There are 2 protein chains.
Amino acid sequence: MSFVNLRQLAGELGLSSSTVSRAMRDSYEISTATRERVQTVARQLNYQPNPFAGSLRNNVTKTIAVILPQLDNHFFSLAINGIEEVAQQNGYHVLIYLTHDSGEQEKAVTKYLTSGRVDGILLALASGTRGVGHLEKLKLLGVPIVQFDRVSETLRTATVTTDDYASSYQATEHLIKAGCRTIAHLLVSESLSIGSKRLKGYQAALEAHRIPFDAGLVLNGRGSNDNNLRRITQLLEQRPEIDGIFAAVERLALSSYLACQRLGRAIPQDIKIVGFSNMETASLLAPSLTTITQPAYAIGKEAARILFQAIIKHKPVLPAHSLELKSELIARASTAGPLR
Amino acid sequence: MSFVNLRQLAGELGLSSSTVSRAMRDSYEISTATRERVQTVARQLNYQPNPFAGSLRNNVTKTIAVILPQLDNHFFSLAINGIEEVAQQNGYHVLIYLTHDSGEQEKAVTKYLTSGRVDGILLALASGTRGVGHLEKLKLLGVPIVQFDRVSETLRTATVTTDDYASSYQATEHLIKAGCRTIAHLLVSESLSIGSKRLKGYQAALEAHRIPFDAGLVLNGRGSNDNNLRRITQLLEQRPEIDGIFAAVERLALSSYLACQRLGRAIPQDIKIVGFSNMETASLLAPSLTTITQPAYAIGKEAARILFQAIIKHKPVLPAHSLELKSELIARASTAGPLR
DNA sequence: CTGTTAGCGCATTCAT
DNA sequence: ATGAATGCGCTAACAG
């Protein structure tokens, strides 16, 4: 597909292909004169080395894979921005795979990758994943993996996460201090690390403030947004004493916001909401929504950075390289101008 | 990197590598017995063909590239969802590149791709792009390109877009019929196809309703969100007679929404806003915001589909294959419950 | 400093 | 129906 290959270029120059190869790679054993001549002609002929020949030869693909549940989520969009930037800096290419939170799809994707297609993997676990055998296999094959945000506890790799426990504790405490006594928790899949950690932070804050934990206030937000909206509305109707909501992910925060609007529950006078959200504008559009914002961009960057260090140094990514970044609780003083 | 290659597998089976190769590809000249034996053992040994050897041999990469301005935008996130789905269906891998709307970055990316790294390209043009020479070169090399959403008029390829002109006309007319007489237009880069088409739709609607066009009401929304917010606020202060806003992209719609809030302009009583937005929840969070929603997911799917047809049939992607999909104007009856 | 040669893993002739 | 030989484009070991 390239117009000209190494041999043709060498022919044009009256040199052997190995000399040209070396000249192109700035080898020390090539005279400056020939190197420059080679590179000039290469540019003229628009020579581009075939990346697959190189990969075949060197077992280096200059490519990483990013495996994600979805993209309809601000966290992941921002994370990819960070990943892609670091990848470009390192001269790497980024393959993207979406699992739609299905364990099966995740397995299928990892299977593609057992062929040595990539030098490393960045992974945010699907909520539908049960075992991690497919990932262990990849590790065994020597493919470095760095997990971010949604990580498996059993798979021993470096991880980049946020302070899920601490920020959830803080969020719940924020509600308690604002006077809430009956606080619902909208959960992501419990099998997900972020799910259980955020739940634990919520429970711990309740306990610290001597509020009994009530499992009936915990709603597992699976399924479509519409479905969640319905179920949240139901919960709020059944338990009218609820005066606070802590939502563990963006879409549940928004759904609960809508549910309150529809039920005519004034926010934040009548009921208060705190939710994880990385949508820059969400907290602005919904001024009464207090948000926990994760440094999504930084998480992507750091995860990629850790991965590249492992790739370049040919060292495994150890759990010890893990990082936990801080989220930010943004409590808006709902001071927006008149609306409606 | 794979544990076992074709030769080793052949050795294990007591066959030649060529037989095994044929058996794996279901060649007709292999007995059913051996074929099944081969495939069983291959599965047991977890044989995965080296994709680069295949690419080198066949000039087929099973990979496409998606080049985008950003990802901090709902349209592109959704589009990728569609693209990735179609790619998976066709057994293809997806490389992603972000240009951050810089023409230079776009050039750099296309340069990578002149090496035959991909079988085809899906492109949403950077607003910073001036010439399309870099893309012409790719076309010349025989790499099929399908443009979507932000397309160049000069580069002759298939495009997948929405009815930018018609929906902008409709949006503007919606405002006029709602009683607006002084309608501001918040524009994306004029050099972008979507920019000029949406502007023209706006102008045509004004003209049809005998409202003179006033260039002072057109604001070119470049730069950061904060910067845009400031400039929009300024415009609204300088021209208090403005009673309608038509925003050509999501982030400008949100910024204008915020600007109105801050200035204490009641929406929609005092001032009405219509904006392009693909954020499912935006129009819900901001019930008084009327939105034009593009079928982003479908656009991604269609663009990918057109590309794969070209790739599979080894035919060029002609402009004749272009598609224009319909957007949807969602005028919310602002019936949300009490808020604040 | 430069050329010759071999081999990465696979698919595909061409033989048998 | 199967095997032997060749080459895709490149790099590196081994000469000189």
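Please read these numbers as outputs of a predicted model, since none were measured by experiment. A, B, ... follow the sequence lines: proteins, then strands. Residue 1 opens every chain. Computation of the quantities below employed the complete heavy-atom set of this structure, encompassing side-chain atoms and omitting hydrogens, waters and symmetry-equivalent molecules.
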In terms of ring plane angle, is the pair B:Tyr112 and B:Tyr97 parallel, tilted or perpendicular, where the classes change at 30° and 60°? tilted
First encountered from the 5' end of DNA chain D, between B:Leu56 and B:Ser31: B:Ser31
Indicate whether the side chain of B:Asp119 and that of B:Tyr92 have a donor and an acceptor atom separated by less than 3.5 Å. yes
What's B:Leu6 touching, base or sugar-phosphate or nothing? Going by heavy atoms closer than 4.0 Å. sugar-phosphate
B:Leu9 atom CG is separated from D:dG3 atom C1', nearest whole Å, by 16 Å
In whole angstroms, the gap separating C1' of D:dA12 from CG of A:Asn59 amounts to 14 Å
Under 4.0 Å between a side-chain N or O of A:Tyr47 and OP1 or OP2 of D:dG9? no
Could you state the CG-C1' distance from A:Asn58 to D:dA13, rounded to the nearest angstrom? 13 Å
Are OP1 or OP2 of D:dG7 and a side-chain N or O of B:Arg57 less than 4.0 angstrom apart? no
Sort out for me which residue in A:Ser16, A:Ser18, A:Ser21 forms a side chain to side chain contact (heavy atoms under 4.5 Å, CB included) with A:Leu6. A:Ser21
So with a 6.0 Å cut-off around CZ of A:Arg35, is the heavy-atom count from everything else above 12? yes
Could you tell me whether B:Lys139 atom NZ has more than 12 heavy atoms of other residues or ligands within 6.0 Å of it? yes
Length of the line joining B:Leu13:CG and D:dT2:C1', which is rounded to integer Å: 13 Å
Partner of B:His134 under side chain to side chain contact (heavy atoms under 4.5 Å, CB included), picked from B:Leu113, B:Leu155, B:Thr129, is B:Thr129
Is any side-chain N or O of B:Thr34 closer than 4.0 Å to OP1 or OP2 of D:dT2? yes
What is the distance, rounded to the nearest whole Å, between atom CZ of B:Phe52 and atom C1' of D:dC8? 15 Å
Near DNA chain D, counting only heavy atoms under 4.0 Å, which residues of residues 14-24 of chain A show up? A:Ser18, A:Ser21, A:Arg22
Report yes if at least one side-chain N or O of A:Asn5 is closer than 4.0 Å to OP1 or OP2 of D:dG9; otherwise report no. yes
Verdict with supporting geometry, A:Glu104 and A:Thr99, side-chain contact (heavy atoms from CB on, under 4.5 Å): CA-CA 8 Å; A:Glu104 288 313 308; A:Thr99 60; over 6 Å; no
Nucleotide C:dT12, atom P - distance to CD of B:Glu29 in whole Å: 10 Å
When you get a sec, tell me which of D:dT2, C:dC10, C:dT2 is the closest nucleotide to the side chain of B:Ile30? D:dT2
Report yes or no: do B:Thr159 and B:Gln147 form a side-chain donor-acceptor pair below 3.5 Å? no
Whole Å only: how far is the CD atom of B:Gln8 from the C1' atom of C:dC8? 13 Å
Smallest separation among heavy atoms of B:Ile121 and B:Ile67, with atom names: CG2-CD1, 3.9 Å
Quick check on the helix from C:dC1-D:dG16 to C:dT16-D:dA1: what's the angle between its two end axes, five base pairs per end, to the nearest 10°? 40°
Separation of D:dC8 P from B:Asn50 CG (nearest whole Å): 18 Å
Without hydrogens or angle criteria, can the side chains of A:Ser31 and A:Thr34 be said to hold a donor-acceptor pair below 3.5 Å? yes
